[in-house]
Amino acid sequence: MVKPHVPGPPLFLQAETTGTSLWYDRAVMIGWDTGGRYEVAFPESGDDRLAEALASAGALVTFDGFRLDLPFLKQHSPHLPLPEHQIDLRTLMRRKYGAAKTPSAKEHRGERAPNLWYGYRAGDPGALRRLIENNHAAIQRLKAMWRDCAGQPAHQTPPLSSRYLDLWIAQAGAPTPLFTYDRLRLDPNLRVVGIDLTGSETRPSGWCLLEGARAETRRIKTDDEMLARIADAAPAIVSLDSPLSLPAGRLRVDDRDPTRAQFGINRECERVLRRRGVGVYPPLLPSMQALTTRGIALADHIRRMGFPVIEGFPGAAQDILGIPRKKASVEYLRDGLTRFGVMGEFRQGRVSHDELDAITVAIVGLFYIAGRYEALGDEQEGCLIVPDLRESAEIMIQ
DNA sequence: TAGCACCCCGACTGCGACTT
DNA sequence: AAGTCGCAGTCGGGGTGCTA
């Protein structure tokens, strides 16, 4: 076994991020250890201790860092002086023990950092404490692997002291939302309908009528009831969470479509989101076909009634707005929407995740009306609308 | 180049809690 | 007794990016 050449003291590092998309997610906390001294920094609160530590490090040691930590650092903190020698222990572990005995990224990282970060943002300082403790523990594992794989010594790190924990938690500062409703400067009487559609009328869909910032939500099973409520509300736009078009070239939704092999089950908008690191489910998978069929028919009906319809995708919108997806926790999603500035009963009472996604997709309608959106895909297929947080001035510069 | 790990979400299932 | 509801867990196909 060849020992890695290390010209100076190794710096063990792990970044905690809000997700895996380089485009929309960001590193929220970075922990590192050099010479047995563990440190924490929060990139968003501006801090150059990490830069100093990196400048004097002989090598940068991570686990899975080639895939996760380093791209994030390079993308969002390009000024950081990364050491020339970078070692990903996941690769060394796999070489020594094989893939089966190497921890997966999940096993190594443990409790999901995005959940803890969103928990902290929702007002739970204990979640930030756990995030730091997990990061500290992960870095201890890093050092154990380093001793094992590289045959190099690593200084012992003392246990976390609560004094430092409290200090770091104070440094993280009060969390602020990435964007809020009032920045859209919309007519307070503007009405927008958002629907989180299911594949059949036997299962309730999420419904949201936004009037200004006030959301009224419910669950609705039938198309007829939705159409009646849309006619009643006369919204400026209806925003649907459902695929509203087929991949270019496809003739039908089902798998017997002779063009399936040639044109596939994804559209351009899904490919764009995936390239940006936002996971998307293919709209013509068997389990999605009923939804797509229903969405296309419903959108057609609403447009014939005279109301414009857009396709929104709550998951992508939540990623962009820095609001946790429902997968993280319904409570955190509710909190994220509250912090965005949505009012209404959903803040207090019981609310289902489909209603929260309906609120989110209605918010996509707000960004559309405000002209602050990106239309992903191509005109021929029909576009997926996602919020764009950039100011128009910034867009002009780019 | 084959083989993985990982990501997405609705549908479905089984289960317990609750209502009618 | 029957129905409804939420919750947690499982499943499934393709795309992507990385490693052996």
Side-chain angles (χ1 to χ4, degrees), chain A residues 17-25 62-72 86-109 112 114 195-206 218-219 221 240-243 247 250 253-255 257 260-295 311-319 324-331 333-334 349-358 360-361 384 386:
Chain A
T17 67
T18 55
T20 54
S21 166
L22 269 183
W23 195 285
Y24 293 120
D25 289 307
T62 58
F63 185 87
D64 211 21
F66 290 176
R67 190 174 67 90
L68 280 174
D69 310 67
L70 300 183
F72 267 92
Q86 300 169 358
I87 294 147
D88 188 334
L89 286 170
R90 186 155 190 250
T91 308
L92 293 190
M93 286 290 283
R94 291 168 82 106
R95 243 175 243 160
K96 183 163 181 184
Y97 294 109
K101 290 188 178 170
T102 300
S104 66
K106 249 184 200 170
E107 284 162 333
H108 170 70
R109 291 185 184 253
R112 287 175 53 86
I195 300 174
D196 176 29
L197 201 65
T198 60
S200 92
E201 294 198 335
T202 61
R203 303 172 57 81
S205 297
R218 61 183 67 243
R219 304 173 82 198
K221 285 189 174 175
L240 287 180
D241 172 19
S242 158
R250 285 292 302 263
V253 297
D254 65 274
D255 285 349
D257 181 348
R260 186 188 190 283
Q262 189 184 353
F263 298 110
I265 62 174
N266 287 285
R267 299 168 297 171
E268 183 59 20
C269 58
E270 276 91 24
R271 288 187 279 269
V272 171
L273 278 178
R274 246 175 239 128
R275 281 198 294 271
R276 294 184 183 185
V278 177
V280 199
Y281 215 53
L284 289 189
L285 275 181
S287 62
M288 296 284 279
Q289 290 169 358
L291 172 67
T292 303
T293 304
R294 188 183 183 197
E311 176 182 340
F313 169 35
Q318 286 150 359
D319 289 355
R325 294 193 185 203
K326 63 189 172 194
K327 170 180 67 130
S329 144
V330 170
E331 286 312 308
L333 171 53
R334 185 219 304 258
R350 256 194 202 174
V351 69
S352 62
H353 59 81
D354 358 69
E355 287 164 276
L356 295 175
D357 274 350
T360 309
V361 81
L384 175 68
V386 298

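In the text below, chain A, chain B and the rest are named by the order of the sequence lines, each starting its count at 1. Source: prediction; values computed, not measured.
- Take the nearest nucleotide of DNA chain C for Leu285(A) and for Lys221(A): the residue whose nucleotide is more 5' is Lys221(A).
- Listed nucleotides dG14(C), dG15(C), dG10(B) differ in distance to Arg274(A); the shortest reach to its side chain belongs to dG15(C).
- At a threshold of 4.5 Å between non-hydrogen side-chain atoms, the residues Phe66(A) and Arg90(A) do not count as touching.
- Phe72(A) has its CZ atom 14 Å from the P atom of dG17(C), to the nearest Å.
- One can place CG of Leu22(A) at 15 Å from P of dT16(C), the figure rounded to the nearest angstrom.
- With salt bridges taken as basic N to acidic carboxylate O contacts below 4.0 Å, none links Glu355(A) and Arg334(A).
- Whole-Å rounding puts the Asp88(A) CG to dG17(C) C1' distance at 13 Å.
- Nearest heavy atom pair, residue Ser205(A) against residue Ile195(A), reads CB-CG2, 4.4 Å.
- Annotation: side chain of Val361(A) is not in contact with side chain of Asp196(A) (no heavy-atom distance under 4.5 Å).
- Relative to the side chain of Leu291(A), the nucleotides dA20(C), dG10(B), dC9(B) differ in distance, and dG10(B) lies closest.
- Here the C1' atom of nucleotide dC8(B) and the CZ atom of Arg271(A) are 16 Å apart, to the nearest Å.
- Checked against dG14(C), dT16(C), dC18(C), the side chain of Pro282(A) finds its nearest nucleotide in dG14(C).
- A donor-acceptor pair under 3.5 Å is absent between the side-chain atoms of Arg67(A) and the main chain of Pro71(A), judged by distance alone.
- When all heavy atoms of Val253(A) and Thr292(A) are compared, the closest pair comes out as CG1-CG2, 4.2 Å.
- Nearest nucleotide to the Arg90(A) side chain, out of dA5(B), dA20(C), dG15(C): dA5(B).
- Rounded to whole Å, the distance from CG on Asp319(A) to C1' on dC9(B) is 13 Å.
- Within 4.0 Å (heavy atoms only), Arg260(A) reaches sugar-phosphate atoms of the nucleic acid but no base atom.
- Residues Glu270(A) and Pro283(A) form a side-chain contact, since some pair of their non-hydrogen atoms from C-beta on lies under 4.5 Å apart.
- At a non-hydrogen distance threshold of 4.0 Å, nothing from residues 195-206 of chain A comes into contact with DNA chain C.
- As rounded to whole Å, 15 Å separates atom C1' of dG14(C) from atom CZ of Arg275(A).
- Considering only residues two or more places apart in sequence or on other chains, Asp25(A) meets the salt bridge (Lys or Arg N to Asp or Glu O under 4.0 Å) condition with none of them.
- Contact check for Asp88(A) versus Leu70(A): no side-chain heavy atoms found under the 4.5 Å cut-off.
- Where Glu355(A) and Phe66(A) meet DNA chain C, the nucleotide closest to each residue was compared, and Glu355(A) sits on the side nearer the 5' end.
- A heavy-atom distance below 4.5 Å is not found between the side chains of Asp354(A) and Pro204(A).
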Base-contact (B) and sugar-phosphate-only (S) positions in nucleotides 15-20 of chain B, heavy-atom cut-off under 4.0 Å, - elsewhere: ------
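- Among dA5(B), dG14(C), dG6(C), the nucleotide with an atom closest to any side-chain atom of Ser352(A) is dG6(C).
- If you take CE of Met93(A) and P of dC4(B), they are 19 Å apart, rounded to a whole angstrom.
- Taking atom CD of residue Glu270(A) and atom P of nucleotide dC9(B), one finds them 12 Å apart after rounding to whole Å.
- Closest-nucleotide positions on DNA chain B for Arg67(A) and Ala290(A) were compared, and the one nearer the 5' end corresponds to Arg67(A).
- Arg219(A) comes within contact range of the sugar-phosphate backbone alone, with a heavy-atom separation under 4.0 Å but no base atom that close.
- Residue contacts for Ile265(A): at a heavy-atom cut-off of 4.0 Å it reaches the sugar-phosphate backbone alone, with no base atom in range.
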